[in-house]
Amino acid sequence: QVQLVESGGGLVQAGGSLRLSCAASGRRFSTYTMGWFRRAPGKEREFVAAISWSGATLYADSVKGRFTISRDNVKSTAYLQIYSLKPEDTAVYYCSGGDGGLTTTPNAYDYWGQGTQVTVST
């Protein structure tokens, strides 16, 4: 069983930056694809970014150039660095992990965190 715990969310002014962290328990972290999803108020959950065990990355078109996903297998932690925050980035951000490969499909991820709130003010 893997547990994922997100941190790093908060209230930020537009144009600011944040780094979200996802700490994982369990011994197989280094073999998992790790993903970030978000759910904005009144909207469906959407894919943000993913990183494979080898470091290959995948991004949603809406965040390319502003979001960077990374991982530290020694610390069993995944990160999402967000630059140039916009009000439309306001959402609960969820970390996920699984064996399903580099994919945007939520069902491919077996493990989910509780989420961390990011609020961007104008």
In one Ile/Leu/Val/Met/Phe/Trp/Tyr side-chain cluster, 4.5 Å: [X], [Y]:
| X | Y | answer |
| --- | --- | --- |
| Val118 | Tyr59 | yes |
| Tyr94 | Ile69 | no |
| Leu102 | Val48 | no |
| Leu80 | Val2 | yes |

* Asked: With no hydrogens and no angle check, do the side chains of Arg66 and Tyr83 hold a donor and an acceptor under 3.5 Å apart?
  -> no

Contact summary for [X] and [Y], nearest pair of heavy atoms:
| X | Y | answer |
| --- | --- | --- |
| Tyr93 | Arg38 | OH-NH1, 2.9 Å |
| Pro87 | Ala14 | CD-CB, 4.2 Å |
| Ile51 | Ser70 | CD1-CA, 3.8 Å |

What distance do [X] atom [atom1] and [Y] atom [atom2] have between them, rounded to the nearest 0.5 Å?
| X | Y | atom1 | atom2 | answer |
| --- | --- | --- | --- | --- |
| Lys64 | Thr57 | NZ | OG1 | 9.5 Å |
| Leu85 | Ser121 | CG | OG | 10.0 Å |
| Ser7 | Arg19 | OG | CZ | 9.0 Å |
| Gln1 | Ser25 | CD | OG | 8.0 Å |
| Glu6 | Cys22 | CD | SG | 5.5 Å |
| Arg71 | Ser30 | CZ | OG | 7.0 Å |

Has [X] got a side-chain atom pairing as donor or acceptor with [Y]'s backbone, closer than 3.5 angstrom?
| X | Y | answer |
| --- | --- | --- |
| Thr77 | Lys75 | yes |
| Tyr109 | Thr103 | yes |
| Ser96 | Trp112 | no |

* With sequence neighbours excluded, residues passing side-chain contact (heavy atoms from CB on, under 4.5 Å) with Ser54 -> Ser52, Ala56

Is the closest side-chain heavy-atom distance between [X] and [Y] below 4.5 Å?
| X | Y | result |
| --- | --- | --- |
| Ile82 | Leu20 | yes |
| Trp53 | Met34 | no |
| Thr116 | Val92 | no |

* Can you check side-chain hydrogen bond (donor to acceptor under 3.5 Å, both in side chains) on Thr119 and Gln117, steps first, answer last? -> CA-CA 6 Å; Thr119 302; Gln117 176 72 47; 3.3 Å; yes

* Got a sec: does the CD of Glu88 have more than 12 other heavy atoms crowding it under 6.0 Å? -> yes

* Asked: Ring centroid separation for Phe47 and Phe37, is it under 6.0 angstrom?
  -> yes

* is_close_aromatic(Tyr111, Tyr32), centroid dist under 6.0 Å -> yes

* Report the hydrophobic cluster partners of Tyr79, with the cluster defined as I, L, V, M, F, W, Y residues connected by side-chain heavy atoms closer than 4.5 angstrom, directly or transitively. => none

* With the threshold set at 4.0 Å, does a side-chain nitrogen-carboxylate oxygen contact exist between Arg39 and Glu46? -> no

* Asked: Are Asp89 and Lys86 ion-paired here, with the side-chain N under 4.0 Å from a carboxylate O?
  -> no

* Could you list the residues that satisfy side chain to side chain donor-acceptor pair (under 3.5 Å) with Asp99, not counting sequence neighbours? => Arg28

* Asked: Thr104 and Leu58: side-chain contact (heavy atoms from CB on, under 4.5 Å), yes or no, with the steps?
  -> CA-CA 8 Å; Thr104 66; Leu58 180 66; 3.6 Å; yes

